[in-house]
Structures are given as structure tokens and as C-alpha cells.
Amino acid sequence: MEVPMSLNHSPETQTKLIARVPSITGRELPEWFQAIDNGPSFLRCDERANWLAQEHGLTHGYAAAIVHEHERHRRNRMGFI
């Protein structure tokens, strides 16, 4: 059963979740970004977050935060604001 979720955390919540990712998951953000890059090619962020949560046993909150951060970094690498 798929659980509806929001990818729109407040900036403060996003910052707190991302800061805790390594201690909660045992993996650093670059490792999670690589998992997303090597995973299925989903068009929507919520699909990526659902996959990340299901495939790696993350809560949807952490999965959504990682996907959001991945998108932010990807946009920065491509020169988008």
C-alpha cells in the first residue's frame, strides 16, 4: 500500500532531516544520490521517494528529504537557480 506523502517540508525541517541522514541511515548523502542516479528512471520526485523508501527501508520523510536534496544539487550542477 502506497502512503501519500509530501515532498514539501519546511526549510527548517528539510535542514534537520538532511543533517540526520548519515546518523539515521548509516550512509552519507553522496551515497544516497548515487543510489538515486543508479535507480529506476522515474519522472516524478514522489515516485523516486517511494522507491527509495521501499528499496532501502527508509521512512518516507527521510526518503523525501533525500530526493528533494538530490534535486536541489542536480539543479545547481546544471546551473539552474
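Predicted, not measured: the structure shown is a model, and the values here were computed from it.
- Applying the ring-ring contact (aromatic ring centres under 6.0 Å, His included) rule to His73 yields the partners Phe33; only residues at least two apart in sequence or on another chain are considered.
- Scanning both residues, Ala65 and Gln14, for their nearest heavy atoms gives O-NE2, 2.9 Å.
- Considering all non-hydrogen atoms of both residues, Tyr62 and Val21 come closest at CD2-CG2, 4.0 Å.
- Listed by chain and residue number, Glu69 satisfy the salt bridge (Lys or Arg N to Asp or Glu O under 4.0 Å) test with Arg72 (two or more places apart in sequence, or in another chain).
- When all heavy atoms of Ala49 and Ala63 are compared, the closest pair comes out as O-CB, 3.4 Å.
- Nearest approach of Ile18 to Pro22, heavy atoms of both residues: O-CD, 3.7 Å.
- Checked against side-chain contact (heavy atoms from CB on, under 4.5 Å), Pro40 has the following partners two or more places apart in sequence or in another chain: Phe42, Trp51.
- Residues forming a side chain to side chain donor-acceptor pair (under 3.5 Å) with Asp37 (at least two apart in sequence, or on another chain): His70.
- Here the OG1 atom belonging to Thr25 is positioned 5.5 Å from the CD1 atom belonging to Ile66, to the nearest 0.5 angstrom.
- Annotation: side chain of His68 is not in contact with side chain of Leu17 (no heavy-atom distance under 4.5 Å).
- Judged as a salt bridge (Lys or Arg N to Asp or Glu O under 4.0 Å), and not counting sequence neighbours, the contacts of Glu71 are Arg48, Arg74.
- Thr13 meets the side chain to side chain donor-acceptor pair (under 3.5 Å) test with Ser10; sequence neighbours excluded.
- Screening residues 50-67 for salt bridge (Lys or Arg N to Asp or Glu O under 4.0 Å) gives no qualifying pairs among residues at least two apart or on separate chains.
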May I have the step-by-step check of side-chain contact (heavy atoms from CB on, under 4.5 Å) for Leu58 and Trp32, ending in yes or no?
CA-CA 11 Å; Leu58 299 174; Trp32 287 116; 3.9 Å; yes
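- Contact of the Glu28 side chain with the Glu31 side chain is registered, since non-hydrogen atoms from C-beta on lie closer than 4.5 Å.
- Of the inter-residue distances, the one linking Ile36 atom CD1 with Cys45 atom SG reads 9.0 Å to the nearest 0.5 angstrom.
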